[in-house]
Amino acid sequence: MQAPDVPHREVGGSRAQRWQAAVTRRMTRFTLGWALQAGLPVARQRSRFTRIAHLSPAPRDVEYRPGVTHGGVPGESVSPPRATRSGRTVLYLHGGGYCVGSSATYRVITGNIARRCAAEVFAADYRLAPEHPFPAAVDDAVAAYRGLLDNGVAPGALVIAGDSAGGGLAIATSVRLRELGLPQPAALVLFSPWPDVSMAGLGPVPSGDVVSRTFIDDCAAHYLAGHAADEPLASPVGADLRGLPATLIQAGGDELLLPQIRRLHAALLKAGVAAELEEYPHRWHVFQQTAGFLADAGRALDAAAVFVGSNTDAPAGTPSMIGVPSAVGGSRP
């Protein structure tokens, strides 16, 4: 249940788009079920997840440069056309339950962010469990952020964004930055964040979601590796959230994690953080990954771009394309 007196905004599409959403949901559930099959070794899950990532069209008018490092953390740099660059930078932390995924598997989102925000995106390949359990991902995200600062990125022009586990990691990173006395980013953007690896208060997976409860539970066990699930940097919904930057959260109305996403929103507001929660009815976990197929995914990324533009500084005289949809990754009617 949603906490009382916590405002959020529901964003819905037209009836004419229901058939499109139904087909996209079915395809997403089928491919994710194949890739993240219960009992499959993590190495096989990673391989399959990489294969299905190529089924979604990433924007073609941006530049993807793998092999980039910041703060000793490898990753991929994603750049919009040079003439449109705004001077903003986004540190992107991918999802995948802290166990699968990479910068290359989330190009639909990182490419759209680069294009729509006219921003340089660094998608960090933080270390994954079970080989590197908690707190390795937090350490890497902090190191990448510090590396960006050391390379001249101003905090006022820097955003941390992430989806699913990467969304929870973005919150944990911001908390850790405060603990270390480092400057906060200008904003956080969270797509279907996973802020409580204890999975407390959640029931079975809703029929409209696309993820497997077995996969999520396995990932939590791999990530924690004996650590307590309520450690603040592992489950930042229970952390001290005071002093965090403006935060945009987007979630699907049909996703398993919605109750804890609402708890996170309420906790941020209670801590005095300027936090917005956008709920998209009848949408599923990280539906933004279907931009190019699903109109709501494009709308959500447009809203994220507007939020980034409203909460960041950009060097004077730099052009901006905030909110301009990608020809490949944008909304379709």
key: Separation of M27 CE from L32 CG (nearest 0.5 Å)   = 11.0 Å
remark   = To the nearest 0.5 Å, atom CD1 of I160 lies from atom CG of L177 at 5.5 Å
ask   = Which atoms form the tightest heavy-atom contact between R46 and V100, and what is the distance?
value = CG-CG1, 3.7 Å
query = Would L148 end up clustered with V73 when hydrophobic side chains under 4.5 Å apart are linked, directly or stepwise?
reply = no
inquiry  = Taking L55 as the starting point, is it possible to reach I109 by hopping between hydrophobic residues whose side chains are less than 4.5 Å apart?
reply    = yes
request  = Could you verify whether a donor N or O on one side chain and an acceptor N or O on the other, from D125 and S102, lie under 3.5 Å apart?
outcome  = no
request  = Could you tell me which non-hydrogen atom of G111 sits nearest to which non-hydrogen atom of P59, and how far apart they are?
outcome  = C-CG, 3.6 Å
ask   = Are the side chain of H265 and the backbone N or O of A275 linked by a donor-acceptor pair below 3.5 Å?
value = yes
request  = Under the side-chain contact (heavy atoms from CB on, under 4.5 Å) rule, what do E63 and V78 come out as? Steps first, then yes or no, please.
outcome  = CA-CA 6 Å; E63 181 183 1; V78 186; over 6 Å; no
request  = Could you tell me whether D254 and R25 make a salt bridge, using a distance below 4.0 angstrom between a side-chain N and a carboxylate O?
outcome  = yes
Please list, one pair per line, the donor and acceptor atoms closer than 3.5 Å that link side chains of residues 33-41 to other protein atoms, with sequence neighbours excluded.
{"residue": "Q37", "atom": "OE1", "partner": "R48", "partner atom": "NH1", "Å": "3.4"}

task = Indicate the atoms forming the closest heavy-atom contact of V210 with H285, along with that distance.
result = CG2-O, 4.2 Å
ask   = Taking everything shown except H132 itself, do over 12 heavy atoms lie less than 6.0 Å from its NE2?
value = yes
ask   = Can you name the closest pair of heavy atoms from F293 and S56 and give their distance?
value = CE1-CA, 4.0 Å
inquiry  = Distance check, rounded to the nearest 0.5 Å: L190 atom CG versus L248 atom CG?
reply    = 7.5 Å
inquiry  = Do P206 and L256 have side chains that approach each other closer than 4.5 Å (heavy atoms only, starting at C-beta)?
reply    = yes
inquiry  = Any non-hydrogen side-chain atom of V159 less than 4.5 Å from a side-chain atom of V189?
reply    = yes
query = D61 versus R115: any side-chain heavy-atom pair under 4.5 Å?
reply = yes
query = Can you check whether D163 reaches Y106 side chain to side chain, under 4.5 Å on heavy atoms?
reply = yes
side-chain contact (heavy atoms from CB on, under 4.5 Å) between E279 and R262, worked out = CA-CA 10 Å; E279 293 184 15; R262 287 172 168 171; 2.8 Å; yes
R213 atom CZ: more than 12 heavy-atom contacts under 6.0 Å = yes
ask   = Hydrophobic cluster mates of L258, side-chain heavy atoms under 4.5 angstrom, ILVMFWY only, any path?
value = none
request  = Could you tell me whether the side chains of S192 and E255 share a donor-acceptor contact shorter than 3.5 Å?
outcome  = yes
query = Taking the side chain as C-beta and beyond, is there a heavy-atom pair between L149 and L158 under 4.5 Å?
reply = yes
ask   = Is there a path of hydrophobic side-chain contacts, each under 4.5 Å between heavy atoms of I, L, V, M, F, W or Y residues, that connects L180 with L91?
value = yes
query = When you measure from the side chain of T173 to the backbone N and O of L169, does any donor-acceptor pair fall under 3.5 Å?
reply = yes
query = In terms of hydrophobic clustering (I, L, V, M, F, W, Y; side-chain heavy atoms under 4.5 Å; direct or indirect links), are V23 and V286 co-clustered?
reply = no
request  = Could you please spell out the steps behind the side-chain contact (heavy atoms from CB on, under 4.5 Å) verdict for I216 and V211?
outcome  = CA-CA 8 Å; I216 297 174; V211 297; 3.8 Å; yes
inquiry  = Between S79 and E120, do the side chains contain a donor N or O and an acceptor N or O under 3.5 Å apart?
reply    = yes
note = Closest non-hydrogen contact found for L233 with E179 is CD1-OE1, 4.3 Å
task = Could you give me the CA-CA distance, side-chain angles and deciding distance for Y98 and H222, then say whether side-chain contact (heavy atoms from CB on, under 4.5 Å) is met?
result = CA-CA 8 Å; Y98 297 106; H222 290 321; over 6 Å; no
query = So, are R299 and D302 salt-bridged, with charged N and O less than 4.0 Å apart?
reply = no
ask   = Do the side chains of E76 and V68 get nearer than 4.5 Å, heavy atoms only?
value = no
key: Gap separating the OH atom of Y92 from the CD1 atom of I113, nearest 0.5 angstrom   = 5.5 Å
Reported CG-to-CG distance for the pair D209 and L257, which is rounded to 0.5 angstrom = 7.5 Å
Beyond-backbone contact of I249 with I261, side-chain heavy atoms, under 4.5 angstrom = yes
Heavy-atom neighbours of R51 CZ exceed 12 at 6.0 Å = no
Enumerate donor-acceptor pairs with a distance under 3.5 Å from any side-chain N or O in residues 196-205 to protein atoms, sequence neighbours excluded.
{"residue": "D196", "atom": "OD1", "partner": "S198", "partner atom": "N", "Å": "3.0"}
{"residue": "D196", "atom": "OD1", "partner": "S198", "partner atom": "OG", "Å": "2.6"}
{"residue": "D196", "atom": "OD1", "partner": "S235", "partner atom": "OG", "Å": "3.4"}
{"residue": "D196", "atom": "OD2", "partner": "S198", "partner atom": "OG", "Å": "3.2"}
{"residue": "D196", "atom": "OD2", "partner": "R263", "partner atom": "NH1", "Å": "3.3"}
{"residue": "D196", "atom": "OD2", "partner": "R263", "partner atom": "NH2", "Å": "3.2"}
{"residue": "S198", "atom": "OG", "partner": "A200", "partner atom": "N", "Å": "3.2"}

query = Under 6.0 Å between ring centres, would you say that holds for H94 and Y126?
reply = yes
ask   = Just wondering, do W194 and Q260 contact through their side chains at under 4.5 Å, heavy atoms?
value = yes
inquiry  = Under a plain distance cut-off of 3.5 Å, with no hydrogens placed, do E276 and T247 share a side-chain donor-acceptor pair?
reply    = no
message = For Y280 and F287, I'd like to know if the aromatic rings sit close, meaning centre-to-centre distance below 6.0 Å.
response = yes
inquiry  = To the closest 0.5 Å, what do you measure between CD1 (I52) and CD (Q289)?
reply    = 8.5 Å
key: Which atom of A119 lies closest to which atom of T89, heavy atoms considered   = CB-N, 4.4 Å
